[in-house]
K.L.:
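Following this message is one structure expressed as structure tokens.
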Amino acid sequence: MGVFATTDDPGSTGHEQVVFCQDKQSGLKAIIGIYSTALGPALGGTRFYPYASEEEALADVLDLSRGMAYKNALAGLDLGGGKAVIWGDPEQIKSEPLLRAYGRFVESLGGRYYTACDVGTYVADMDVIARETRYVTGRSVEHGGAGDSSILTAWGVFQGMRAAAEHVWGDPTLAGRRVGVAGLGKVGKYLTGHLLGDGAEVVATDVNPKALEWVRANHPQVELVDDTAALVASDIDVYAPCALGGALNDDTVPMLRAKVVTGAANNQLAHPGIEKILADQGILYTPDYVVNAGGVIQVADEIEGFNFERAKLRATRIYDTTREILRLADDEGVPPAVAADRLAERRMAEVGRLRTIRVR
Ligand SMILES: NC(=O)c1ccc[n+]([C@@H]2O[C@H](COP(=O)([O-])OP(=O)(O)OC[C@H]3O[C@@H](n4cnc5c(N)ncnc54)[C@H](O)[C@@H]3O)[C@@H](O)[C@H]2O)c1
């Protein structure tokens, strides 16, 4: 075990702690990034991915852990922001010893960081990691876990969309609106159900024929289009990106006819400045990390002993948080993405500061 690299200056990113973990025998190379523990232990998933270089892995963990601090702060959780990456191809190197070695590193942080699933890691992996550490969530139902996090993610996205509809059209409902869902995966499918239940028309697309088949069989009233470009250019009121990141980019934004963008995908803005272009086009964008927090709310609830109704109630409050952000954005004359960042920073500063009051 040992350190396999150091950053030039991790302090310059604003992170509290960046830990490099290596276990040569099992092939583990992991980086745990803790951006902030101002609100509580840092929570964020472990991404297992074949990065091209150590620099790329480091850049990803720094970026993702910062994002989690903002997401957790606005979700109202008493949790800070962290994330971890395991560098390598999970298909090739994932093993019990590797996951358990990783679990020991998580344990060594003494509860400053809680891990969970992300790209390349699954509930079953969390159960293996849990054999070495208490600081793991997103576990299987048999082990007291919450199961599929996409259920509350979709519910939260729907709540954020209701708040956006109210802001733009005066009523917190999608009834009579045409909503374009890009990506009919775990979240997109549940979201489609909520939208139809609310009286919306849904037009959708996916690259996976199985996802299309599922929709044809379960929701035959959904109109399917060839691809995201066709969806974006069609006559929709709301665009819901529920596939990959970067959905809002220099190609899609000029074509977009929707008045509202609310979706589950992480990192929807392809580059800084897109939020301003959307605002200038009169399109209301609800920040992804605000509306897609239902999943982290679900896994965070597990830390107390999972209670679905309690977690759902908290995910429902994404409606109130989105409203507050949209109001703040109007008051301060900034795009909602900027208002959301300000609100998260305010909570981290104001609540984090209370820890300076000695209690014993
Ligand atoms: N699952 C969660 O709890 C959760 C929580 C927060 C954020 N998210 C984010 O939401 C998004 C969806 O998550 P998911 O769990 O539903 O993933 P998923 O893999 O189940 O679904 C993604 C779907 O998008 C489709 N897709 C991929 N590329 C596409 C393209 N170019 N055009 C159209 N469809 C395309 C895939 O075929 C798949 O059906 C991801 O960005 C994820 O990071 C998910």
Side-chain angles (χ1 to χ4, degrees), residues 43-49 60 63-64 67-68 70-72 74-75 77 81 83 116-123 126 137-138 145-161 180-194 202-216 218-219 222 224-234 236 239-249 251-252 255 261-270 286-302 308 311-312 314-315 318:
L43 168 67
T46 299
R47 184 163 292 193
F48 202 145
Y49 191 76
D60 208 27
D63 202 30
L64 293 166
M68 287 309 299
Y70 282 70
K71 183 185 278 201
N72 294 345
L74 281 189
L77 300 171
K83 198 95 181 182
C117 304
D118 194 68
V119 175
T121 55
Y122 302 89
V123 164
M126 295 306 123
T137 179
D148 184 0
S149 66
S150 53
I151 296 172
L152 286 189
T153 301
W155 180 246
V157 171
F158 178 57
Q159 298 308 319
M161 204 183 280
V181 179
L184 293 160
K186 294 187 289 295
V187 180
K189 282 177 191 170
Y190 287 119
L191 179 63
T192 298
H194 296 314
V202 177
V203 45
T205 188
D206 197 293
V207 289
N208 182 347
K210 282 200 181 135
L212 300 177
E213 267 168 45
W214 185 91
V215 171
R216 277 193 202 103
N218 291 279
H219 300 300
V222 171
L224 294 171
V225 294
D226 285 348
D227 52 28
T228 305
L231 185 79
V232 166
S234 71
I236 49 175
Y239 174 40
C242 294
L244 307 178
L248 299 169
N249 55 48
D251 296 327
T252 52
M255 289 198 302
V261 178
T262 300
N266 279 312
N267 304 328
Q268 288 169 35
L269 303 172
T286 56
D288 45 21
Y289 75 81
V290 177
V291 300
N292 74 13
V296 77
I297 287 171
Q298 181 162 330
V299 295
D301 194 86
E302 232 179 277
F308 182 79
K312 186 173 178 185
R314 182 161 260 161
I318 289 175

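Just so you know, ligand 1 is whichever comes first in the structure, and atom 1 is the first atom listed for that ligand.
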K.L.:
For N292, which part has a heavy atom under 4.0 Å from ligand 1: side chain, backbone, both, or neither?
P.N.:
both
K.L.:
Under 4.0 Å from a heavy atom of A264: which atoms of ligand 1 are those, numbered in the order shown and with their elements?
P.N.:
7 (C), 8 (N), 9 (C), 10 (O)
K.L.:
Compare all side-chain heavy atoms of M68 with those of Y289 and state whether any distance is below 4.5 angstrom.
P.N.:
no
K.L.:
Specify the protein heavy atom at minimum distance from atom 32 (N) of ligand 1: its residue, its atom name, and the distance to 0.1 Å.
P.N.:
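The protein heavy atom lying closest is T228 OG1, 3.3 Å.
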K.L.:
With V215, which of V202, V222, T205 fulfils side-chain contact (heavy atoms from CB on, under 4.5 Å)?
P.N.:
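When V202, V222, T205 are each tested with V215, the side-chain contact (heavy atoms from CB on, under 4.5 Å) holds only for V222.
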K.L.:
Can you report which non-hydrogen protein atom sits closest to atom 43 (O) of ligand 1, along with the distance?
P.N.:
N266 ND2, 3.0 Å
K.L.:
For ligand 1, which part of T153 has a heavy atom less than 4.0 Å away: the side chain, the backbone, both, or neither?
P.N.:
side chain
K.L.:
Numbering the atoms of ligand 1 from 1, which are under 4.0 Å from a heavy atom of G183?
P.N.:
24 (O), 34 (N)
K.L.:
Which atoms of ligand 1 sit under 4.0 Å from any heavy atom of N208?
P.N.:
37 (O)
K.L.:
Could D148 and K186 be called an ion pair, given the rule that one side-chain N must be under 4.0 Å from one carboxylate O?
P.N.:
no
K.L.:
Is the contact between C242 and ligand 1 made by the side chain, the backbone, both, or neither, using heavy atoms and a 4.0 Å cut-off?
P.N.:
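C242 to ligand 1: backbone contact only, side chain stays beyond 4.0 Å.
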K.L.:
Hey, are the side chains of Y49 and D60 touching, using non-hydrogen atoms and a 4.5 Å cut-off?
P.N.:
no
K.L.:
Can you find a non-hydrogen atom of A182 under 4.0 Å from ligand 1?
P.N.:
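The answer is no: ligand 1 sits nowhere under 4.0 Å from a heavy atom of A182.
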K.L.:
N/O to N/O below 3.5 Å, does that happen between K186 and ligand 1?
P.N.:
yes
K.L.:
Working to the nearest 0.5 angstrom, can you tell me the gap between T228 OG1 and D251 CG?
P.N.:
12.0 Å
K.L.:
Please check whether G245 reaches ligand 1 - meaning an N/O of the residue sits under 3.5 Å from an N/O of the ligand, judged on distance alone.
P.N.:
no
K.L.:
Can any side-chain N or O of E302 pair as donor or acceptor with the backbone N or O of G138 at less than 3.5 Å?
P.N.:
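Checked: pair present.
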K.L.:
What is the closest protein heavy atom to atom 21 (O) of ligand 1, and at what distance does it sit?
P.N.:
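Among all protein heavy atoms, the one nearest atom 21 (O) of ligand 1 is G185 CA, 3.2 Å.
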K.L.:
Quick one: which of T286, T153, N266 gives a side-chain hydrogen bond (donor to acceptor under 3.5 Å, both in side chains) with N292?
P.N.:
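Checked T286, T153, N266 against N292; only one passes side-chain hydrogen bond (donor to acceptor under 3.5 Å, both in side chains): N266.
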K.L.:
Can you list the atoms of ligand 1 that are under 4.0 Å from a heavy atom of A265?
P.N.:
9 (C), 10 (O), 11 (C), 41 (O)
K.L.:
Give the numbers and elements of all ligand 1 atoms closer than 4.0 Å to a heavy atom of S149.
P.N.:
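Checking each atom against S149, I get 2 (C), 3 (O).
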K.L.:
Describe, in one word, how the ring planes of F158 and H194 are oriented to each other, choosing from parallel (under 30°), tilted (30 to 60°) and perpendicular (over 60°).
P.N.:
parallel
K.L.:
A243 versus ligand 1: do any nitrogen or oxygen atoms come within less than 3.5 Å of each other?
P.N.:
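Yes - when backbone and side-chain N and O of A243 are compared with those of ligand 1, one distance drops under 3.5 Å.
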K.L.:
Can you check whether D206 has an N/O within less than 3.5 Å of an N/O in ligand 1?
P.N.:
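Min N/O separation from ligand 1 is below 3.5 Å for D206.
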K.L.:
Which residue owns the protein heavy atom closest to atom 30 (C) of ligand 1, what's the atom, and how far is it?
P.N.:
V207 CG1, 3.6 Å
K.L.:
Are side-chain N/O atoms of T252 and N249 paired as donor and acceptor at under 3.5 Å?
P.N.:
yes
K.L.:
Step by step, would you call K83 with D118 a salt bridge (charged side-chain N to carboxylate O under 4.0 Å, His left out)?
P.N.:
CA-CA 9 Å; K83 198 95 181 182; D118 194 68; 3.0 Å; yes
K.L.:
Give the residue and atom name of whichever protein heavy atom lies nearest to atom 13 (O) of ligand 1, and the separation in Å to one decimal.
P.N.:
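The closest one turns out to be V187 CG2, 3.9 Å.
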K.L.:
Counting distance only, does the side-chain N/O of D206 pair as donor-acceptor with the main-chain N or O of L212 below 3.5 Å?
P.N.:
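Side chain of D206 to backbone of L212, a donor-acceptor pair under 3.5 Å: no, none is there.
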